[in-house]
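The model shown is predicted, which means the values in this text are computed figures rather than measured ones. First the proteins, then the strands, lettered A, B, ... as listed; each starts at 1. Just the heavy atoms: all of them, side chains too, but no hydrogens, waters or symmetry mates, feed the values below.
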Amino acid sequence: MRTTALPAAEATRPRTVVVGVLMATAAVFVAFAALVAIYVQQRQAARAAGAEWFPDGSVELGPAGMMMMTLMLSIVTVQWAVQAARTEDRPHGFIALGVTLMFGAAVINQFWFVYQDTAFAIDGGRAELLFYAVTGSFIAMLIGGMAMVAVTTIRSLMGPFGRELAHGVQAAALYWHMCVVCYFGVWYVVFITK
Amino acid sequence: MTLTEPAVADSEAAPAAPSEVPALAQPFVTSDSATVGRLFVVVSLLLGLGTSVVGALLSLGRTEVVDPADMFGGLNAYFRMWTLYRVSFMLLVVLPLLLGVAMAVVPQQVGAGNLAFPRAALASFWSWLIGALIVVVSVLAGGGWGAVDGVTGNESDAMALTLLGTAMVIVALLVGAVSVATTVISLRRSGMSLLEVPPFAWSMLVAAAAWLFTLPVAIANIVVIYADLRGRPAIAFGRAESPDIWLQLDWLVEQPAVYLMAVPVLGIAFEAVAAATGSRSSRPEAVTVIVGLFGLLAVGGWSQDYFTAPQDLRDGLVYVAFGLAATVPVAALAGGAAELVLRGPKSLDRLLDPRMVGAGAALKLLGAAALVGALRVIEPFDLLDTAATWAVFHGVVAAGLVAGVVALMTWPQRLSIRPVPAMVGRGTVLLMGAGASLLVLSDLISGFMSDARDLMALALDANVVLNVVNLVGALLLAAGLAGTAAALRPAPARSEAA
């Protein structure tokens with residue numbers, strides 16, 4: 001009896017990095033959803049008691065809408081990076097990852113403006129405290145997403161994209177999309193319905 | 001004749017190659033899943049021993065021998081230990097114990113060479129350990145999760161540290177859970193569908209999903225509390241001088257989230273019975289469904305009642321349905337295990353196999369906890385916010401501990417430990433089972449007897465007999481854990497064994 005080893009078949013399992021990041025992303029999303037739920041519940045309780053949540057005119061919608069637009073654009077650029085990684089298109093990949101990082105930095109900059117504009121004190125009351133808790137957590141999440149994008153950019157500088165790095169870009173994009181969805185929640189709950 | 005055997009292709013994480021790293025440095029650099037799993041198991045068992053001693057002291061405080069406040073140096077100190085006991089058993093003992101077993105066993109069960117993200121798994125161990133030390137040290141330094149009798153500025157700072165440590169522990173456990181779950185999803189061998197993975201691997205996948213959907217909610221609570229507590233007098237959520245902080249986090253150790261600790265118990269118990277009897281289930285898919293249902297019933301982030309009127313949540317249909325339904329999967333799995341026993345040879349040796357005894361004890365404890373949980377949500381019994389809450393907690397914790405010991409007896413070679421002698425194994429699980437039974441029973445009877453809603457159940461002092469029973473139960477549990485920890489020995493090195 002003779003045994004012949006054939007070449008290994010292509011694995012059909014979901015990609016390890018993408019699956020791992022998907023689960024981590026789900027966990028971050030659950031944490032953020034819980035934060036927003038606390039915010040909404042407290043606001044509802046305050047209004048039911050006849051109290052004011054934010055003083056009139058203190059939270060402007062303009063900068064928040066601009067951040068939403070910026071993040072919508074970043075969805076396109078991060079997906080552009082995924083496509084570039086798939087096709088081994090390095091120049092486009094670098095541009096897309098770089099622009100995505102720039103958009104992330106722009107959103108943080110706009111949040112800084114919002115903080116200056118509202119001039120809330122964190123101990124000003126429940127509304128102000130939760131405003132900082134929710135938006136601050138979002139900024140932390142966004143910085144996490146930027147770190148993932150930056151790491152994939154640096155790794156792609158060291159060599160060709162390849163399958164593993166393409167999966168890394170996909171995983172970073174997955175997390176980034178979740179951040180945008182979370183910001184959509186912040187935009188609606190904190191800035192629109194105030 | 002020529003046979004063609006396709007090479008295995010989908011084990012992306014190859015087995016860790018033997019390295020030349022000195023033995024002492026191994027725990028810091030290893031990427032071997034069995035080593036990381038063993039680290040989790042050993043440290044969590046040691047922490048479990050310490051926690052059970054704290055539990056025995058707390059039980060002693062409920063007797064009339066010593067005043068609870070005097071024993072630890074004040075009512076706040078007693079409250080700190082009381083809360084530490086609960087958080088520690090969940091986050092520092094049972095969850096990491098079962099996670100450690102999973103890290104060592106699951107990759108081999110699904111045909112993967114190693115864990116997915118082995119370095120992340122190692123990082124999760126060290127982050128968990130550092131977080132656990134921060135929690136313990138900060139609690140001993142006057143921190144904890146709130147107070148009942150006012151605080152000083154330093155104690156408030158220590159509480160902030162406790163919260164940070166708690167968050168760190170939770171994040172570390174989640175990273176470990178992601179590593180295990182990804183191994184099952186992505187690295188199982190070709191041809192094995194998700195419904196075909198062994199019961200323990202499946203139960204860990206379900207448990208990891210339940211943890212991922214529940215534990216992050218506690219992180220959100222901690223973010224809000226910390227933002228309020230740190231640096232200035234708290235205005236709402238972080239009032240250190242009251243038990244408010246604890247009341248925002250206590251849902252984690254109550255129904256239904258307390259069952260997060262129990263999901264892997266079902267998988268371990270079933271596999272242990274199968275190994276002891278040498279028989280196979282006629283309906284393996286039923287086990288998959290049962291474990292999945294129990295995982296669903298353990299998702300508990302929605303059940304916190306701090307932000308709403310407690311009666312709104314706890315009298316609600318969903319809370320009652322979760323409480324009642326938890327008995328179904330436990331009973332169904334016990335039935336499945338009984339089928340294995342009936343199908344297997346019925347010699348006395350097999351029936352007294354320590355794995356069989358342990359699996360039986362774990363399922364009975366879990367069944368008792370689920371039953372008390374069901375009684376607890378039935379309104380006429382009026383058991384909510386009584387000691388019955390802790391009957392459920394003790395039952396689930398003990399089931400997790402016993403299942404951990406059973407896992408050590410079932411898969412010693414995968415954890416690279418020497419097999420636990422049968423007498424010792426049987427003795428330790430019986431000690432733990434008996435101790436936990438006394439704890440559950442005394443807590444349940446206390447729940448029926450108490451009228452006053454007392455946060456720490458100190459009102460039980462009126463009943464000396466129950467308190468003594470409770471103390472005996474805590475001591476037996478501690479003795480069982482001590483026996484297990486003492487019986488753990490590393491497997492001999494290959495050259496030594498040869």
Over all heavy atoms of both residues, which pair between [X] and [Y] is shortest? Give the atoms and the distance, please.
X: V19(A); Y: S186(B); answer: CG2-OG, 3.4 Å
X: V217(B); Y: A34(A); answer: CG1-CB, 3.9 Å
X: A116(B); Y: T16(A); answer: CB-CG2, 3.7 Å
X: L212(B); Y: A27(A); answer: CD2-CB, 3.7 Å
X: S137(A); Y: V223(B); answer: OG-CG1, 3.7 Å

Is atom [atom1] of [X] surrounded by more than 12 heavy atoms (other residues, nucleotides or ligands) closer than 6.0 Å?
X: Q41(A); atom1: CD; result: yes
X: M72(A); atom1: CE; result: no
X: W112(A); atom1: CH2; result: no
X: R119(B); atom1: CZ; result: no

Measuring heavy-atom distances to chain B, does I38(A) have an atom under 4.5 Å in its side chain, in its backbone, in both, or in neither? side chain
Counting heavy-atom pairs closer than 4.5 Å to chain A, which one of A220(B), S179(B), A208(B), A181(B) comes out on top? A220(B)
Side-chain contact test, heavy atoms from C-beta onward, threshold under 4.5 Å: evaluate it for F237(B) versus L130(A) and give yes or no. yes
Quick check: do M23(A) and I185(B) have side-chain heavy atoms less than 4.5 Å from each other? yes
If a pair satisfies ring-ring contact (aromatic ring centres under 6.0 Å, His included) and one of its residues is in residues 65-86 of chain A, list it, with sequence neighbours excluded. W80(A)-H92(A)
Counting heavy-atom pairs under 4.5 Å with chain B, which one of G136(A), A133(A), G20(A) comes out on top? G20(A)
Which residue out of I122(A), V36(A), V30(A) racks up the most heavy-atom pairs below 4.5 Å with chain B? V30(A)
Atom CZ of F29(A) and atom CZ of F213(B): how far apart are they, to the nearest 0.5 Å? 9.5 Å
Within this structure, what is the CG-CG distance for the pair L129(A) and D228(B), rounded to the nearest 0.5 Å? 5.0 Å
Counterpart residues, ring pair (Phe, Tyr, Trp, His ring centres under 6.0 Å), relative to F322(B) (two or more places apart): W302(B)
